[in-house]
2 protein chains.
Amino acid sequence: MSTAVVVTIFTVVRNRLSVLLIERSEKPFQGIWALPGGLLQPGETLDDAATRKLQEETGLQDVFLEQLYTFDNLAQTKTETTVAYFALIHDADAKLRQELEWKPEWFPLSTLKALAFDNQIILENAKDRLRSKLEYTNIAYSVLPESFTLSEMQHVYEAITEEPLDKRNFRKKIVSLGIVQETGRLKKQGAHRPAKLYKFMNRTQTVI
Amino acid sequence: MSTAVVVTIFTVVRNRLSVLLIERSEKPFQGIWALPGGLLQPGETLDDAATRKLQEETGLQDVFLEQLYTFDNLAQTKTETTVAYFALIHDADAKLRQELEWKPEWFPLSTLKALAFDNQIILENAKDRLRSKLEYTNIAYSVLPESFTLSEMQHVYEAITEEPLDKRNFRKKIVSLGIVQETGRLKKQGAHRPAKLYKFMNRTQTVI
DNA sequence: CCAAAAGTGTTCTGACTACACCCATGC
DNA sequence: GCATGGGTGTAGTCAGAACACTTTTGG
């Protein structure tokens, strides 16, 4: 009878919403991919444990991480309750653990196989919450670099919602919300017109 | 190291949003009002325990009840995690336990004193969630009788949001949402014009 | 006839949708 | 000069907000 945390870590890799999974090297569910998680350590709070897990797998701290839902009866182990968290990060900032066993890897949501335990349910839950929060908060900041173009930002929105967006309407809306600020200058990056760079006014979660 | 549930039970009594509290007859926090709650019993799921608590205090089953958030370090007892739930009920349906000790009672939110444990935080959390769900779901059905007038419904909305609403706009919106249906006939009830009665199309939670 | 609550429509404004062309660059 | 992605404006529609008077009843 103990408490565990599990963390659904999302990012956008090459315009695809992806989740961090770990191939289990022990029973139960040996060889099956699972969300990162584990038992609370003595003296640790739930938030502590989720923060630690996120840090262990990605090296990141001080990023978007929030509690999702609490499940019971996960699998047939003796864990009684599992508190699920979800995080959203900028993939270039993450340094994944490089180990032979329990190796973490990004998977686009569209390419998922069967997951261990009840992780599928947790993941669906996390995806719903992520999409819903994208609509009424600025959490997109979590998945973008410090400075970015509006096209990059639009691709993030499209990856998460899986809906194409109209370019002009998207830009009009983001600008009128006043959540980003034009910053610095144009940059040269390829065979096309240089883009304006923007940054978020707030790199903490705010309701918009 | 164990898991507890606590249930924030809301209703609207005489146009005031109210919550069910119990005066503790034992330490810790003896004599202080607290949200109903307790430890999980062996073999019980979280939902089971919350359902049982709700039933013990109000006699009700099959009403709106959902998980809210999971807290740790509640007070200095040895309980490790507390899973909070919230419920919304029609007060005339509830039959409160009538006991001398641990007696439950409705309190309008505006008249609250200090609460035991971290119940104040849980309550704020529950109130926020309730208000937010009122906006995008039909949960008002939970606090209304089978058949009701649009004025009664408006009073429920006003009690929960603590904002006055325009009568014409409210009615226009509710009717256009198609979540209620005119039913039966007028009724006579006092020194005023008889009102049309409505009922919800769905007495389960739906997103609107 | 008076008090009390029920019922009802119009106008204005702001947000969202749909939609097509020119621009700056690298090769 | 052409391919690539960046950048921009207008018109239509719909939902929400503001707002005041008449109706039915009981006493």
Side-chain angles (χ1 to χ4, degrees), chain A residues 12 14-16 131-132 134-138 140 144-145 147-199 206-208, chain B residues 12 14-16 131-132 134-138 140 144-145 147-199 206-208:
Chain A
V12 175
R14 280 177 303 146
N15 294 342
R16 294 194 175 274
R131 286 182 177 154
S132 140
L134 188 68
E135 285 178 7
Y136 69 92
T137 71
N138 65 345
L144 285 164
S147 150
F148 52 88
T149 67
L150 289 186
S151 292
E152 286 166 345
M153 186 171 178
Q154 181 174 344
H155 290 142
V156 165
Y157 272 75
E158 290 174 331
I160 295 177
T161 61
E162 290 175 1
E163 298 285 342
L165 294 170
D166 178 85
K167 196 187 349 180
R168 282 170 291 189
N169 293 339
F170 179 78
R171 297 160 101 92
K172 219 183 319 170
K173 170 148 186 194
I174 296 300
V175 169
S176 77
L177 283 172
I179 57 173
V180 296
Q181 189 177 26
E182 200 177 329
T183 181
R185 300 285 54 256
L186 314 184
K187 82 182 173 192
K188 328 197 179 232
Q189 57 179 2
H192 60 271
R193 184 175 178 180
K196 296 187 184 172
L197 291 176
Y198 291 83
K199 65 176 181 183
T206 44
V207 173
I208 56 182
Chain B
V12 175
R14 280 177 303 145
N15 294 341
R16 294 194 175 274
R131 285 182 178 153
S132 139
L134 188 66
E135 286 179 7
Y136 69 92
T137 70
N138 66 345
L144 285 164
S147 150
F148 52 88
T149 68
L150 289 186
S151 293
E152 286 167 345
M153 187 174 180
Q154 181 174 343
H155 290 141
V156 164
Y157 272 75
E158 289 174 331
I160 295 176
T161 60
E162 289 175 1
E163 297 285 342
L165 294 170
D166 179 85
K167 192 176 11 167
R168 282 169 292 188
N169 292 338
F170 179 77
R171 295 159 102 92
K172 221 184 315 172
K173 170 147 186 197
I174 296 301
V175 169
S176 78
L177 283 173
I179 57 173
V180 296
Q181 190 177 27
E182 201 177 328
T183 181
R185 300 286 53 255
L186 315 182
K187 83 182 171 190
K188 329 200 179 228
Q189 56 180 1
H192 61 269
R193 184 175 176 177
K196 296 185 185 174
L197 290 176
Y198 291 82
K199 64 177 181 182
T206 43
V207 173
I208 58 181

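Note that these values count all heavy atoms, side chains included, but never hydrogens, waters or copies made by symmetry. Per chain, numbering begins at 1; letters A, B, ... match sequence-line order.
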Check whether Glu152(A) reaches the backbone of Leu144(A) with its side chain - one donor and one acceptor, N or O, closer than 3.5 Å.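 No.
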Whether Glu182(A) side chain and Lys196(A) backbone form a donor-acceptor pair below 3.5 Å: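 Not a single qualifying donor-acceptor pair exists.
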Evaluate Thr206(B) against Thr137(B) for side chain to side chain contact (heavy atoms under 4.5 Å, CB included), listing each step before the verdict. CA-CA 6 Å; Thr206(B) 43; Thr137(B) 70; over 6 Å; no
Does Arg171(A) reach the side chain of Ser151(A), with side-chain heavy atoms less than 4.5 Å apart?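 Side chain of Arg171(A) against side chain of Ser151(A), heavy atoms only: contact under 4.5 Å found.
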Test item: Leu134(A) and Arg131(A) side chains (from C-beta on) under 4.5 Å apart, heavy atoms: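 Not touching, per the 4.5 Å side-chain cut-off.
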So, does Arg193(B) get its side chain near the phosphate of dA4(C), meaning an N or O under 4.0 Å from OP1 or OP2?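 No, because none of the side-chain N or O atoms of Arg193(B) sits under 4.0 Å from OP1 or OP2 of dA4(C).
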Taking only side-chain N and O atoms of Lys196(A), does any of them lie within less than 4.0 angstrom of OP1 or OP2 on dT8(D)?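 For dT8(D), OP1/OP2 do have a side-chain N/O of Lys196(A) under 4.0 Å.
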Can you pull out the residues from residues 151-165 of chain B that lie within a 4.0 Å heavy-atom distance of DNA chain D?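 Output list: empty, so none.
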Just compare [options] and give me whichever is closest to any side-chain atom of [X].
X	options	value
Lys167(B)	dT8(D), dA6(C), dA24(C)	dA6(C)
Thr149(B)	dT25(C), dA17(D), dA6(C)	dA6(C)
Ala195(B)	dG6(D), dA6(C), dA17(D)	dA6(C)

Look at the side chain of Lys173(B) and the base of dG16(D), then say whether one donor and one acceptor between them are separated by less than 3.5 Å.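 Absent.
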Between Ala191(A) and Lys172(A), which is nearer to the 5' end of DNA chain D once each is assigned its nearest nucleotide?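 First, find each residue's nearest nucleotide; the 5'-ward one identifies Ala191(A).
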